[in-house]
Protein chains: 2
Amino acid sequence: MSITSDILRGHTEAIILSNLIEQDSYGYQINKDIMKKTNNAYELKEATLYSAFRRLEQAGCIRTYWGDETVGARRRYYAITEEGRKAYQGYKQEWQEAKEIIDKLLK
Amino acid sequence: MSITSDILRGHTEAIILSNLIEQDSYGYQINKDIMKKTNNAYELKEATLYSAFRRLEQAGCIRTYWGDETVGARRRYYAITEEGRKAYQGYKQEWQEAKEIIDKLLK
DNA sequence: GAATATACCTCATCTGTCAATGTATATTCC
DNA sequence: GGAATATACATTGACAGATGAGGTATATTC
């Protein structure tokens, strides 16, 4: 991992939601996707991932169900809710604004 | 303030250093500058500012001296060190990378 | 049968942010 | 005269998100 967690902090939930907008997924897979998308520059720690899931579920942004795998380890799938889609739009908007602000400040 | 602190978290020190590269300054002024630069979209809380000063000094990124004001409240000035300039370059680099990564992830 | 990959989960700890609180000086305005 | 506001610095305790360390279980590869 090349970028510090304090910079990614605050984006965890948005990153997860972004993944779930494409399709329902489960923890392990989401993490793999993130690594792939960033060419291994960023990896969510498991504990971070699961605590974010808990927050997102509590907030009504995702719902969860168990996969029906007959082989291999069981998978807990997550699906984004309507609430979650709204939240995601908000996060994206916020990111665009934050980007501008930080760019201004780090000139 | 319109953008959440979790997103700015991790940029505080870089923002301060950026300010000190322009000129020596003091806490109150730095905060005012930040507000001005961001059109009041972002304001460092005082406690955040001062704890960042402490970290930066500890890390050798800034040094401090008292101003010689004869009127008004005393001012504690901060100056960036060579170490601090290097750190700032690192922060800027990191920000460029982080920006790309987050942009990829929030597509 | 040992190692590795897949897959889930929890707890204690760490770190940065911030509300609240305190001190002191100077200016403005009624 | 005095009340409000602006300037300026500083500390403390609480909070929240990130994470290292630990745990469980199944399947495959060598």
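The figures here come from the full heavy-atom set of this structure, side chains too, leaving out hydrogens, waters and symmetry mates. The sequence lines fix the lettering, A, B, ..., with proteins before strands; numbering per chain opens at 1.
- C:dG16 atom C1' lies 12 Å from atom CD1 of B:Ile16, rounded to whole Å.
- Rounded to whole Å, atom P of D:dA18 lies 12 Å from atom CD1 of A:Ile34.
- Counting heavy atoms from C-beta on, the side chains of A:Arg54 and A:Glu57 never come closer than 4.5 Å.
- The distance from the OH atom of B:Tyr91 to the CG atom of B:Leu17 is 6.5 Å, given to the nearest 0.5 Å.
- A:Thr48 has no side-chain polar atom (N or O) that falls below the 4.0 Å cut-off from OP1 or OP2 of D:dG17.
- A:Thr64 and A:Arg76 are linked by a side-chain donor-acceptor pair at a separation below 3.5 angstrom, with hydrogens and angles left out of the test.
- Classified by interplanar angle (parallel below 30°, tilted 30° to 60°, perpendicular above 60°), the ring pair B:Tyr77/B:Tyr26 is perpendicular.
- The number of heavy-atom neighbours closer than 6.0 Å to CD of B:Glu22, taken from other residues, nucleotides and ligands shown, is above 12.
- Checked by atom type, the side-chain pair B:Gln93/B:Gln89 shows no donor-acceptor distance below 3.5 Å.
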Which donor-acceptor pairs under 3.5 Å do the side chains of residues 100-107 of chain B make with protein atoms, sequence neighbours left out?
| from | atom 1 | to | atom 2 | distance (Å) |
| --- | --- | --- | --- | --- |
| B:Asp103 | OD1 | A:Trp95 | NE1 | 2.9 |
| B:Asp103 | OD1 | A:Lys99 | NZ | 2.9 |
| B:Asp103 | OD2 | A:Lys99 | NZ | 3.1 |

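- Taking atom CD of A:Gln58 as the reference point, atom P of D:dG17 lies 11 Å away to the nearest angstrom.
- For D:dG17, neither phosphate oxygen OP1 nor OP2 lies less than 4.0 angstrom from any side-chain nitrogen or oxygen of A:Ser5.
- In this structure, A:Asn31 atom CG and D:dA18 atom P are separated by 13 Å, rounded to whole Å.
- Here the straight-line distance linking atom CD1 of B:Ile34 with atom CD of B:Glu43 works out to 9.5 Å at 0.5 Å rounding.
- In terms of phosphate contacts, A:Thr12 brings no side-chain nitrogen or oxygen within less than 4.0 Å of OP1 or OP2 of D:dG17.
- Using five terminal pairs a side, the axes of the helix from C:dG1-D:dC30 to C:dC30-D:dG1 at its two ends make an angle of 10°, given in steps of 10 degrees.
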Worksheet entry | Sequence-aligned protein contact record of nucleotides 4-16 of chain D, with B where the base is within under 4.0 Å of a protein heavy atom and S where only the sugar-phosphate is | ---BBBBBB---B
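- Between the CG atom of A:Leu8 and the P atom of D:dA18 there is a distance of 9 Å, given to the nearest Å.
- For the pair A:Thr70 and A:Ala52, nearest-nucleotide mapping onto DNA chain D gives the more 5' position to A:Ala52.
- A ring-centre distance under 6.0 Å is found for A:Phe53 and A:Tyr50.
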